[in-house]
Q: 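The following block contains the structure, expressed as structure tokens.
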Amino acid sequence: MKKRINHSLNDFCKALKRHDRFLLSCHVAPEGDAIGSMLAMASLLKRLGKKITLVCDDVFPARLPCLSSKGWNQPHQIKKSAKTFEALLTTDCPNLGRTGHVSRLISQDTVIFNIDHHISNNYFGHYNYVCPDRGATGEVVYDIYEHLKMPLTREDAKNLYVAISTDTGSFKYSTTTVHSHRVAEKLISTGIDIEKINEQIYATYSLNKMQLYSRLLGRVKTSFGGRVAWGEMRQSDLKKSGATYEDTEGFIDFLRYMKEVKIVFFMSEMNPHQVKVSFRCKEHYDVNKIATHFGGGGHRKASGCIIDKPLKIAEKMILAYIQKERHFK
Ligand SMILES: [Mn+2]
């Protein structure tokens with residue numbers, strides 16, 4: 001077993017040049033950063049004369065029409081043998097397991113390249129370029145472009161802009177740095193239409209989704225003097241609004257927009273005996289601790305868990321835990 005280390009940008013790029021046939025992958029449930037970074041790396045490798053194949057163990061998300069789904073494969077669509085690929089390059093994956101069934105397409109001889117920004121990355125690659133101080137994997141990919149002096153096409157710039165904008169919450173999260181903005185400057189300088197891109201990313205709600213949100217907003221509750229806010233989605237809300245489960249993604253942000261709030265959570269009823277919970281917080285609060293208590297996990301400011309109880313009981317358990325931990329006097 002090779003020692004797990006992070007490589008310098010120079011060593012990582014030199015190693016990239018030594019291989020020719022690449023399989024590129026990102027994580028399951030792919031989002032803007034995973035896909036935008038993968039597409040930008042595909043473009044770079046092609047221009048270095050490499051053969052590339054894209055694979056992801058999921059369908060291309062319909063909510064990202066600004067990114068190209070051209071050449072997107074799921075593992076079962078790839079008939080070639082593992083020997084076809086000399087190398088696997090992953091973007092935005094903290095561990096190899098996050099690629100799902102992609103690992104079945106490679107052999108022990110496959111050289112793995114790991115590009116990421118998660119602090120939890122376990123350096124699973126033979127070559128790792130992991131930068132936890134970057135707000136998005138897209139920023140890490142930009143550094144690779146710059147190091148190799150590879151000019152950015154508008155398509156590359158768009159892919160990286162989507163990656164960085166989505167992962168930094170439109171340059172609002174605490175992970176946003178001077179570097180994020182410097183990279184954005186370079187991307188926008190290529191002449192990409194950021195008004196159009198931002199509309200394609202964010203102005204995507206259907207009327208059904210609006211009607212779902214109106215139901216959910218009507219039931220938002222607060223406690224601890226307004227410092228904790230929460231909401232819930234019942235299965236009947238989906239039926240009545242005609243929205244899908246995916247439409248609830250992002251609803252938790254509305255809770256965070258409340259002025260006094262410090263900790264928020266959103267409960268989705270998966271079935272009458274199971275609830276999926278997401279947590280977010282502001283300032284010094286730590287919702288990773290709450291999610292971990294209930295068998296889940298995540299980051300300090302964003303976490304989640306699954307509680308095998310009905311909605312009402314899960315709600316009581318979470319509030320009791322927040323009370324017990326004396327988050328608020
Ligand atoms: Mn990311």
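Here, residue 1 is the first one in the sequence, and each next residue gets the next number. Just so you know, ligand 1 is whichever comes first in the structure, and atom 1 is the first atom listed for that ligand.
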Q: Between the side chains of Ser241 and Asp237, does any donor sit under 3.5 Å from an acceptor?
A: no

Q: Could you tell me the separation between the CD atom of Gln108 and the OG1 atom of Thr110, rounded to the nearest 0.5 Å?
A: 9.5 Å

Q: Do you see a donor-acceptor pair shorter than 3.5 Å between the side chains of Tyr142 and Arg134?
A: no

Q: Could you tell me whether the side chains of Asn198 and Tyr161 share a donor-acceptor contact shorter than 3.5 Å?
A: yes

Q: Cation-pi check, Lys324 to Tyr321: give yes when NZ or CZ is under 6.0 Å from the six-membered ring centre and within 45° of the ring axis, no otherwise.
A: no

Q: Using 2.8 Å as the cut-off, note every protein N, O or S atom close to the Mn ion (ligand 1).
A: Asp33 OD2, Asp92 OD1, His117 NE2, Asp167 OD2

Q: Less than 6.0 Å separating the ring centroids of Phe22 and Phe113?
A: yes

